[in-house]
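Just below is one structure, and these are the notes that go with it.
Per chain, numbering begins at 1; letters A, B, ... match sequence-line order.
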Amino acid sequence: MNNETQIVDLALENLQKTAGITGIWKPGALKELDGQLELKLNNKTIKLNTEIKRELRGHNLPQIEAMAARFNPLIVVAQYIFPKIKEELREKGIAYLETNGNIFLKQKENFIWLDLQKAALPYVEKTNRAYTKTGAKILFYFLLNEDLLNLPYREIAKLTGVALGNINYVITGLREQNFLLKLDQYRYKFQNKRELLNKWVTAYEKRLKPTLEIGTFRFVKGDAFID
DNA sequence: GGACACCTCAAATGATTCAG
DNA sequence: CTGAATCATTTGAGGTGTCC
């Protein structure tokens, strides 16, 4: 599909950058396969069957192994492969390629292994996390009381009943859309609050409300509704 | 300059959506 | 309707800044 093309293209682009290896990918005719990849390496061309995935996790392994046995040589192209899984693939001698250009390929005459820690870009596009289920929840508290913006993340997390890591995601999301005005080095204040409120309402309807049980919510301060 | 508080980010886990 | 694929959240180690 188009999505698959995107993953392979990005992977090849980065492979070129990091390892100087070029490759061409062609969609395959076979239904079980996601096409074929031709890698150019030292004037040699290596042809590989490909399987394309977004992320590769433990439960995919048996399937991949079966494919590797059937369509040898096989390379797995994925947006992101869990480190442990990569390890297993290497042990089993199955080739892989990630979108950040990390590659492993072991054959009789060819051996490539590239693992760049930092350059990892797990996801192609990041969604703005201010409007997810949890995001909306946090934002709800922020809208009720702007001062919460300036509490330590840990306290915000505790107060909103959400994991620490989310706070930063939400703040970043809001900042990207210019809803936060920097007062000084440490403090923020909302700006363009009306529009933000609209966004929240949409997010609430779409993402949060469907998962809530009716009757489990109340306002933090009793009179907040009238305010 | 050490202790502490706090933030960040990769990895792991969990939840939801999608395809067959 | 079910398992697979994808998207979202949590966890926690490591890094950075701050205060005494």
Side-chain angles (χ1 to χ4, degrees), chain A residues 1-8 10-11 14 30-35 50-68 76-90 96-102 114-142 147-177 180 182 184-188 199-200 202-213 216:
Chain A
M1 288 211 172
N2 198 20
N3 205 7
E4 293 176 348
T5 314
Q6 236 178 35
I7 291 174
V8 179
L10 185 61
N14 284 320
L30 275 167
K31 202 182 170 200
E32 297 95 324
L33 273 176
D34 293 327
T50 54
E51 171 64 19
I52 302 167
K53 286 261 188 295
R54 244 171 127 77
E55 51 180 65
L56 195 63
R57 305 166 52 145
H59 64 262
N60 299 113
L61 266 178
Q63 181 197 350
I64 297 294
E65 274 181 73
M67 288 194 70
V76 186
V77 182
Q79 196 149 74
Y80 179 61
I81 305 175
F82 280 68
K84 275 201 187 129
I85 307 301
K86 282 197 280 191
E87 219 177 287
E88 290 205 40
L89 286 174
R90 287 196 297 268
Y96 63 74
L97 171 65
E98 286 182 286
T99 45
N100 63 7
N102 285 345
L114 214 70
D115 214 21
L116 302 162
Q117 285 300 4
K118 268 300 163 200
L121 24 109
Y123 300 105
V124 166
E125 61 180 71
K126 44 187 176 169
T127 52
N128 192 314
R129 299 274 289 264
Y131 311 110
T132 61
K133 182 153 73 77
T134 304
K137 206 159 140 190
I138 299 167
L139 196 48
F140 174 71
Y141 283 87
F142 282 165
D147 296 338
L148 297 186
L149 280 172
N150 300 310
L151 289 179
Y153 286 6
R154 279 177 176 71
E155 292 192 31
I156 300 173
K158 214 164 86 186
L159 203 71
T160 54
V162 133
L164 171 67
N166 293 301
I167 313 296
N168 183 40
Y169 289 137
V170 171
I171 301 257
T172 306
L174 291 174
R175 219 171 27 203
E176 271 170 15
Q177 298 190 329
L180 289 181
K182 217 169 168 146
D184 55 41
Q185 198 186 343
Y186 303 104
R187 287 155 10 105
Y188 287 108
K199 288 214 166 209
W200 180 81
T202 315
Y204 173 72
E205 280 297 330
K206 217 165 64 188
R207 316 293 294 276
L208 182 55
K209 195 170 155 190
T211 71
L212 291 175
E213 281 180 63
T216 55

Exercise for the section: Find which nucleotide of DNA chain B each of A:R57 and A:G165 is nearest to by heavy atoms, and output the residue with the more 5' nucleotide. Expected result: A:G165
Practice task
Tell me whether the OP1 or OP2 atom of C:dA8 has a side-chain N or O from A:T134 closer than 4.0 Å.
Solution key: no
Practice task
Take atom CG of A:N166 and atom C1' of B:dC7, then tell me their distance rounded to the nearest Å.
Solution key: 14 Å
Exercise for the section: Report the residue from A:R90, A:K86, A:E51 that forms a side chain to side chain donor-acceptor pair (under 3.5 Å) with A:Y96. Expected result: A:R90
Handout entry: Minimum-distance nucleotide to A:Y80 side chain [options: B:dA11, C:dA5, B:dT8]
Key = B:dA11
Problem - Selection from B:dC9, B:dA12, C:dT6 that lies nearest to any side-chain heavy atom of A:E55 - result: C:dT6
Exercise for the section: Would you indicate, yes or no, if C:dA5 has its OP1 or OP2 atom less than 4.0 angstrom from a side-chain nitrogen or oxygen of A:N60? Expected result: yes
Exercise for the section: Give the rounded distance in Å between these two atoms: NZ of A:K53 and C1' of C:dG3. Expected result: 13 Å
Exercise for the section: Let me know the distance between CG of A:L164 and P of C:dA8, rounded to the nearest Å. Expected result: 19 Å
Completion exercise
A:Y153 OH to C:dT9 P, in whole Å, measures 16 Å
Exercise for the section: Answer yes if the ring centres of A:Y80 and A:F82 are under 6.0 angstrom apart, and no otherwise. Expected result: yes
Problem - Shortest side-chain distance from A:Q63, nucleotide among C:dT10, B:dT16, C:dA5 - result: C:dA5
Handout entry: A:K133 side-chain N/O to C:dC7 phosphate OP1/OP2 under 4.0 Å
Key = no
Handout entry: Check: A:R154 side chain, C:dG12 base, donor-acceptor under 3.5 Å
Key = no
Practice task
Could you check how far OH of A:Y169 sits from P of C:dC7, rounded to whole Å?
Solution key: 15 Å
Problem - Spacing of CG belonging to A:L97 relative to CD1 belonging to A:I81, to within rounding of 0.5 Å - result: 8.0 Å
Problem - Closest listed nucleotide, where the reference is the side chain of A:P152 and the choices are B:dC7, B:dT16, B:dA12 - result: B:dC7
Practice task
Report the distance from atom CD1 of A:I85 to atom P of B:dA12, rounded to the nearest whole Å.
Solution key: 9 Å
Problem - Integer-rounded Å distance: B:dA10 P and A:K84 NZ - result: 18 Å
Problem - Side chain of A:N168 - closest among B:dT8, B:dA12, C:dT6 - result: B:dT8
Problem - N/O donor-acceptor pair under 3.5 Å between A:N128 side chain and A:L174 backbone - result: no
Practice task
Flag the pair A:V76 / A:L56 as yes when at least one side-chain heavy-atom distance between them is below 4.5 Å, and no otherwise.
Solution key: yes
Problem - Euclidean distance, atom CD of residue A:Q79 to atom P of B:dA11 [Å, nearest integer] - result: 15 Å
Fill in the blank from the handout: Regarding the side chain of A:T132, the nearest nucleotide among B:dT8, C:dC7, C:dA8 is C:dA8
